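Notes for the one structure printed next.
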Amino acid sequence: DTAVSQTPKYLVTQMGNDKSIKCEQNLGHDTMYWYKQDSKKFLKIMFSYNNKELIINETVPNRFSPKSPDKAHLNLHINSLELGDSAVYFCASKDRGWTEAFFGQGTRLTVV
Amino acid sequence: SQQGEEDPQALSIQEGENATMNCSYKTSINNLQWYRQNSGRGLVHLILIRSNEREKHSGRLRVTLDTSKKSSSLLITASRAADTASYFCATDNGNNRLAFGKGNQVVVIP
């Protein structure tokens with residue numbers, strides 16, 4: 001069983017469209033994250049949720065809206081996609097305390 | 001926001017050699033973690049070192065942490081071709097913020 005799964009794995013879309021990426025974890029973790037990895041492989045935290053509550057919201061444009069219907073799911077909705085949104089987006093989850101994070105396989109978003 | 005920053009960013013070595021990469025950060029931490037990312041894949045956790053620890057070993061991996069210098073190093077001994085990957089350090093400040101740096105690309109030549 002995949003611990004953290006994201007769908008879709010690849011997403012190609014035109015500028016201006018709205019798209020969603022889904023993430024689910026079956027580890028029972030309370031904390032989930034969204035990260036953006038750019039072409040230089042820099043991995044930047046976007047959001048962190050703890051038990052469905054938004055904990056961290058980095059300076060991300062408000063076109064990005066995370067939604068956590070329950071603590072096992074953290075979806076990312078992006079409105080009015082721009083070329084600069086092209087990147088690989090990773091979902092991750094982590095248990096409480098001093099523990100490691102588990103990552104999904106990533107969603108490669110290409111905006112054309 | 002705090003970030004791990006690795007140095008150097010690209011390393012090419014022969015199989016059997018050791019690979020060392022460094023990471024520096026800016027603020028206080030609870031622990032520091034190292035991850036590996038194979039091309040086109042997600043990150044996989046390698047090792048975690050707590051702020052009160054100075055050194056930790058796991059198989060061929062050795063991590064050091066110097067909180068006075070806000071730096072850490074990852075040593076991979078007797079490298080193998082399968083170690084070819086990007087390596088990231090991440091700082092955990094205990095407030096649900098797990099911040100990553102740019103990563104080191106390591107290429108092990110068979």
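In what follows, chains carry the letters A, B, and so on, assigned in the order in which the sequence lines appear, proteins first and then strands, with residues in each chain numbered from 1. These numbers come from the heavy atoms of this one structure, side chains and all, not from hydrogens, waters or symmetry mates. Here the structure is a predicted model, which means the values were calculated and not measured.
- Distance CG/L32(B) to SG/C89(B): 5.0 Å, rounded to 0.5 Å.
- Contacts of Y35(A) with chain B are made by side-chain atoms alone, with heavy-atom separations under 4.5 Å and no backbone atom involved.
- Using a 4.5 Å cut-off between heavy atoms, L43(A) touches chain B through backbone and side chain atoms alike.
- Under 3.5 Å, the side chains of N30(B) and S51(B) contain no donor-acceptor pair of N or O atoms.
- By the salt bridge (Lys or Arg N to Asp or Glu O under 4.0 Å) test, E55(B) is found to be paired with R62(B), residues two or more places apart in sequence or in another chain being considered.
- Neither the backbone nor the side chain of Q6(A) comes within contact range of chain B; no heavy atom of the residue lies under 4.5 Å from a heavy atom of that chain.
- For a residue to count as touching a neighbouring chain, one of its non-hydrogen atoms must lie under 4.5 Å from one of that chain's; by this rule N31(B) touches chain A with the side chain only.
- Between Y35(B) and H45(B), the ring-plane angle classifies as perpendicular under the 30° and 60° cut-offs.
- For K94(A), the part lying under 4.5 angstrom from a heavy atom of chain B is the side chain only.
- Options S48(A), A92(A), A101(A) differ in how many heavy-atom pairs under 4.5 Å they form with chain B, and the most are formed by A101(A).
- The shortest distance between side-chain heavy atoms of T7(A) and I21(A) does not fall below 4.5 Å.
- Proximity to chain A involves both the backbone and the side chain of L98(B), based on heavy atoms less than 4.5 angstrom apart.
- Residues passing the salt bridge (Lys or Arg N to Asp or Glu O under 4.0 Å) test with K22(A): none are found, sequence neighbours excluded.
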